[in-house]
Amino acid sequence: MNSERSYKSLSVILPGYNEAEAIRHTIEETDAVLRSLPLKCEIIVVDDGSIDGTAESALKAAHATPLKVIRFSRNFGKEAAMTAGLEAASGDAVVIMDSDGQHPPSFILEFVKHWREGYDVVYAKRASRGTDSWLRRSLSKLYYRIAFSGTTFIEPNAGDFRLMSSTVVKAILSLPEKTRFMKGLFNWVGFKKLAIDYTPRERTAGETKFGSIRHLFRFGILGIMSFSAFPLRMISRIGFLVAGSSVIYGLYIMIRTLCFGIDVPGWATLTVALTLLSGIQLISIGVLGEYIGLIFTEVKNRPLYIVEKVTQQQSNLERQREAA
Ligand code: UDP
Ligand code: MG
């Protein structure tokens, strides 16, 4: 990758997990867009351990653009797939796009235009969350409000659909962490950026992999923990609050006993206070545990992903035409 500015080549990365049906359309649509660009392009598909033949299906798609398919040995998650794509990309700029057809490939033209104007990052920002369920929309709104009020690097409604210059890609790849919360890393590195509004389309085929609330919850927690010590600070704040109120309550009981003598003991109060406090303690230990878990992952220093096979394919358009 060049360090000085060059606008000659473009790599498009498509991470895909069980997208056999959708990825074919996506590649063909992307290929059509790339052909209209005066750039040397490549498409990199990262098959994240699919069990439905996504890699094979990708190789069957008609394309004039050189296609590289990296197949993982198992499912390592989208963050790892995107990292593998970035590592394999050789372009002066890189576009990351979902392979399910939700990200319109025509936006690449817009991205490239702004990149050439001098922006290092051009990213798509959801103008509406129309394709998400009401619950998912509300939860995501609440999450961003609570977790990221100006303290971290995550921007609401901006996803992974973006163009980055090779300088930015190099910066992202230089970050050593194993827990890769890409939405945050993208912003953490900085650089001159521009947002473009877009409305995600419906999936071409298949189902979302991030649909369950449990999964989103874990992902959300990871986002907060990878970028802030806010939960740890909360623990000490709660500690001070609880200790402070106990002192005040203690003084109140002491004065009341001195003035009015001893009355019937408050078992209920005692029990409630006791269970509440043990609850808070357990949650606090849990928060510490989560951070220790993250440290554990870092310390083990395992590779982010394992590649089973890399297939490189030049244009297969002629072959497709002959077959038809
Ligand atoms: N994906 C992946 N690995 C995973 C989960 C998802 O590579 O473990 C890919 C998936 O194939 C798709 C993109 O990440 O191209 C976004 O996933 P999905 O469409 O399921 O998420 P949503 O758009 O519903 O948020
Ligand atoms: Mg999707």
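For the single chain, residues carry numbers from 1 onward in sequence order. Both counts, for ligands and for their atoms, begin at 1 and track the order of listing.
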Using a 4.0 Å heavy-atom threshold (strictly under), name the region of [X] that reaches ligand 1: side chain, backbone, both or neither.
X	value
Leu14	neither
Asp48	side chain
Glu19	side chain

Best match, Gln102, His103, Lys78, Glu79: closest heavy atom to atom 23 (O) of ligand 1: Gln102

Is any side-chain N of the basic residue among [X] and [Y] closer than 4.0 Å to the acidic one's carboxylate O?
X	Y	answer
Arg201	Asp100	no
Lys78	Asp160	yes
Glu308	Arg74	no
Asp92	Lys8	no

Which atoms of ligand 1 are found less than 4.0 Å from any heavy atom of [X]?
X	result
Arg203	18 (P), 19 (O), 20 (O)
Asp98	13 (C), 15 (O), 16 (C), 23 (O)
Gly16	7 (O), 11 (O)

Row check, Phe111 ring normal vs Lys113 NZ/CZ: under 6.0 Å, within 45°: no

Do Tyr198 and Tyr123 have ring centroids that are under 6.0 Å from one another? no

Which class fits the ring pair Phe72 and Tyr305: parallel under 30°, tilted 30 to 60°, perpendicular over 60°? parallel

Any N or O on Glu207 sitting closer than 3.5 Å to an N or O of ligand 1? no

Does any N/O atom on Ala81 come nearer than 3.5 Å to any N/O atom on ligand 1? no

Closest non-hydrogen atoms of Lys68 and Ala88, given as atom of the first, atom of the second and distance, are NZ-O, 4.2 Å

Please determine whether any non-hydrogen atom of Met82 lies less than 4.0 Å from an atom of ligand 1. no

ang(OE1 Gln102, the Mg ion (ligand 2), OD2 Asp100) rounded to 10° is 100°

